[in-house]
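Throughout, a chain's letter reflects where its sequence line sits, starting with A, and its residues are numbered from 1. Computation of the quantities below employed the complete heavy-atom set of this structure, encompassing side-chain atoms and omitting hydrogens, waters and symmetry-equivalent molecules.
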Number of protein chains: 2
Amino acid sequence: MYVLYPLIMKTKYTSIIDIAKQLNISKSTVSRALTGHPNVHAQTRKAVLDLAQQMDYQRNSLALGLTRHHTNTIGVLVPEFMSTYFPSVILGAQEVFQAAGYQVVICHNNESYDMEVANVKLLLSYRVDGIIASHTKETRNFDHFRLVQRHGIPLVFFNRVSEELNVPNVVVDDYSAALEAVEHLIKTGRRRIAHLAGPDSLINSRLRRQGYLDALKKHKIPIDPGLMLSYDLTIEKVRIYMKHFLELPAPPDALFAINDPTAIAAMEVVKEKGWSIPEDIAIVGFSNDFSAQLVFPRLTTVSQPTLDIGRESARLLLQELQSGAKPDYTNRKAPCVQLKTKLIIRDSSVRKPVVKKKGKK
Amino acid sequence: MYVLYPLIMKTKYTSIIDIAKQLNISKSTVSRALTGHPNVHAQTRKAVLDLAQQMDYQRNSLALGLTRHHTNTIGVLVPEFMSTYFPSVILGAQEVFQAAGYQVVICHNNESYDMEVANVKLLLSYRVDGIIASHTKETRNFDHFRLVQRHGIPLVFFNRVSEELNVPNVVVDDYSAALEAVEHLIKTGRRRIAHLAGPDSLINSRLRRQGYLDALKKHKIPIDPGLMLSYDLTIEKVRIYMKHFLELPAPPDALFAINDPTAIAAMEVVKEKGWSIPEDIAIVGFSNDFSAQLVFPRLTTVSQPTLDIGRESARLLLQELQSGAKPDYTNRKAPCVQLKTKLIIRDSSVRKPVVKKKGKK
DNA sequence: CTGTTAGCGCCTTCAG
DNA sequence: CTGAAGGCGCTAACAG
């Protein structure tokens, strides 16, 4: 494919040469003045800075990256941002990166593997100094991430991490959190607990499922394979599977959902059928999305420290960046940070003890 | 400030020179083979392509941008993404940009003006080919956007547009939408309608407020200035102001909120006070965020075609890009696209006629 | 079809 | 304190 690009060279950016000419000095001096090098006469520096300002000088990162081999920029790779999870993580990460003097560039792939690969290459070609990422639900081949490592640029995974890649990562204890959530259901009297699991390509999906299974085992509740379904995280599938559950001869009396959007979509189906939550069926989600406290009844869920996940990912990356160590981890185990979750019990799993009602005014 | 960067040049990227040497040909030939130039012997091309693959060759966009003067990259600037509005717009925009062969880079500033300025300069220094943006609520000085125009790079505003800048933009008819929403409240019998408006720095905030005022005027409802408050879009303020409203000697019987998060926070306050929605007070929001259909009662709101807003913004930018016209709009009015909104009436403003109840099973 | 040369904008020696 | 020269990786124009 040979693409002809239209020449969009309109108003020329001013370069250091332009301002060097104006001032009748060499471009080296201009460069030094601009970058804050100590060996420049104060007067010269001022002249340069003033003229630069006046001429709208905008340093060319492309050229800079070309010589410097690094750009002071970090790439962030996320699969989606329709839930509040990733936006919030990004917020936390950005906070730390900015404080460290790094700019952040975000790439979003809408759960598309091809897009993810393209974005990784884009970031690589931008010569970002590091990348933090959560892969798509489609990602089974991690070669593009290996490429990142081979280029020696630090990489940190969060949330959706990879087992086959030795990459620093920050996660929560999905297994224990799921176990605790399901135990909560068991302790509140539920016995036929269904689980809507995510795709096997996601490690936290597998871990949460294992937590679910082990909770049942621990409490000697027989496992009914018919009550456990893996799906692709699309809302349509939730509806189909949930309807299926409810129409079972022996329907579940509780649902543990892989995440909050799933739980919420499931609640919708339950309500449409005219069942009551939590009386007829209890629902528990995962992540404590913003919407979890909004739905009616309010959703019991596992809260994740999203801001901290972002912050920790950033710190981990910064650490790699500063250590200057070879980031291929051939000789060492990549560091892994595990953050705490918290089960938030709301109305979707436990009946409210008392309903207070005040009159108007 | 003179910062010393650690030399992070680890595994060297392979360049066309490396592969030229290996193959004992010139780098021009390699370049031609790689870019798909027709004048290359098929055999040579294959050799180059194979070796490139084998050596993890990753074309250096920096160098490319340096020579080509454009980067095939678009910058997207958003103030926040805690509501579903901006994520959804980005989704739509990305769809169009990708189809046109552009990569998208997102910058997020968390409503900080300084951050916005920094991000604009970053994008400029990256030499992006175009920018679509929604400014922060703090932005009153648009010099950084003027800078973009002066550099001749196309710019499109969406949602939060600027009056003092002649920039193509895509918006909805905030005024009429607000008017319709408030008329809905009036027609369903409300008379003391409060309004929580956004800051004056946001044009759509001003337009929605005007729609509110004109709806009252049109229906000869006296305007009570005490029922209208502008605030900074933080949840804490919503709570304070809403409490204030409810404690008024003559409290409002309806609220028109600048956006859905505001409406939802207000509902929370109402519920805490023990009042019923919509019986005691009706609530109407704006934008039809994902959460609008989740809250209880479900929120009446004005739906915005967020995906289309993104798509249209992208199309507008592409158009500017292709026209190659000087994007300073000194001689012409910048194009403006206005998209349709739709009032979605839900339970927060109108009592449900019948409550159907089915038994279990 | 292929090699040579020049230059994009910047920084970094190396000499003054 | 400042200038000259070289090079980062790539493409484009000009010769073959």
Taking [atom1] from [X] and [atom2] from [N], how many angstroms apart are they, rounded to a whole number?
| X | N | atom1 | atom2 | answer |
| --- | --- | --- | --- | --- |
| A/His37 | C/dC10 | NE2 | P | 18 Å |
| B/Ile16 | C/dT5 | CD1 | P | 16 Å |
| B/Gln58 | D/dC8 | CD | P | 19 Å |
| A/Ile17 | D/dA5 | CD1 | C1' | 13 Å |
| B/Ile25 | C/dT4 | CD1 | C1' | 14 Å |
| A/His151 | D/dG9 | NE2 | P | 12 Å |
| B/Leu23 | C/dG3 | CG | C1' | 15 Å |

ask   = Think B/Arg127 has a side-chain N or O under 4.0 angstrom from the OP1 or OP2 of C/dG9?
value =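 For C/dG9, OP1/OP2 do not have a side-chain N/O of B/Arg127 under 4.0 Å.
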
Classify the nucleic acid contact of [X] as base, sugar-phosphate or nothing, counting any heavy atom under 4.0 Å across all strands shown.
| X | result |
| --- | --- |
| B/Asn60 | sugar-phosphate |
| A/Leu34 | nothing |
| B/Ser28 | base |

query = With under 30° as parallel and over 60° as perpendicular, where do the rings of B/His151 and A/Tyr13 fit, or are they tilted in between?
reply = parallel

inquiry  = I'd like to check the salt bridge (Lys or Arg N to Asp or Glu O under 4.0 Å) partners of A/Arg146; sequence neighbours left out, ordered by chain and number.
reply    = A/Asp143, A/Glu164

Enumerate donor-acceptor pairs with a distance under 3.5 Å from any side-chain N or O in residues 39-52 of chain A to protein atoms, sequence neighbours excluded.
from: A/Arg45; atom 1: NH2; to: A/His37; atom 2: O; distance (Å): 2.3
from: A/Lys46; atom 1: NZ; to: A/Asp50; atom 2: OD2; distance (Å): 2.5

task = Kindly say whether, by distance alone, the side chain of A/Arg32 makes a donor-acceptor pair under 3.5 Å with the base of D/dG3?
result = yes

remark   = Comparing nearest nucleotides in DNA chain C, the 5'-proximal residue of the pair B/Thr67, B/Asn24 is B/Asn24

task = Tell me which of A/Ser31 and B/Lys27 sits closer to the 5' end of DNA chain C, going by the nucleotide each one is nearest to.
result = B/Lys27

ask   = Are the aromatic rings of B/Phe145 and B/His135 close, with centres under 6.0 Å apart?
value =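 Judged by ring-centre distance (under 6.0 Å), B/Phe145 and B/His135 do not meet the cut-off.
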
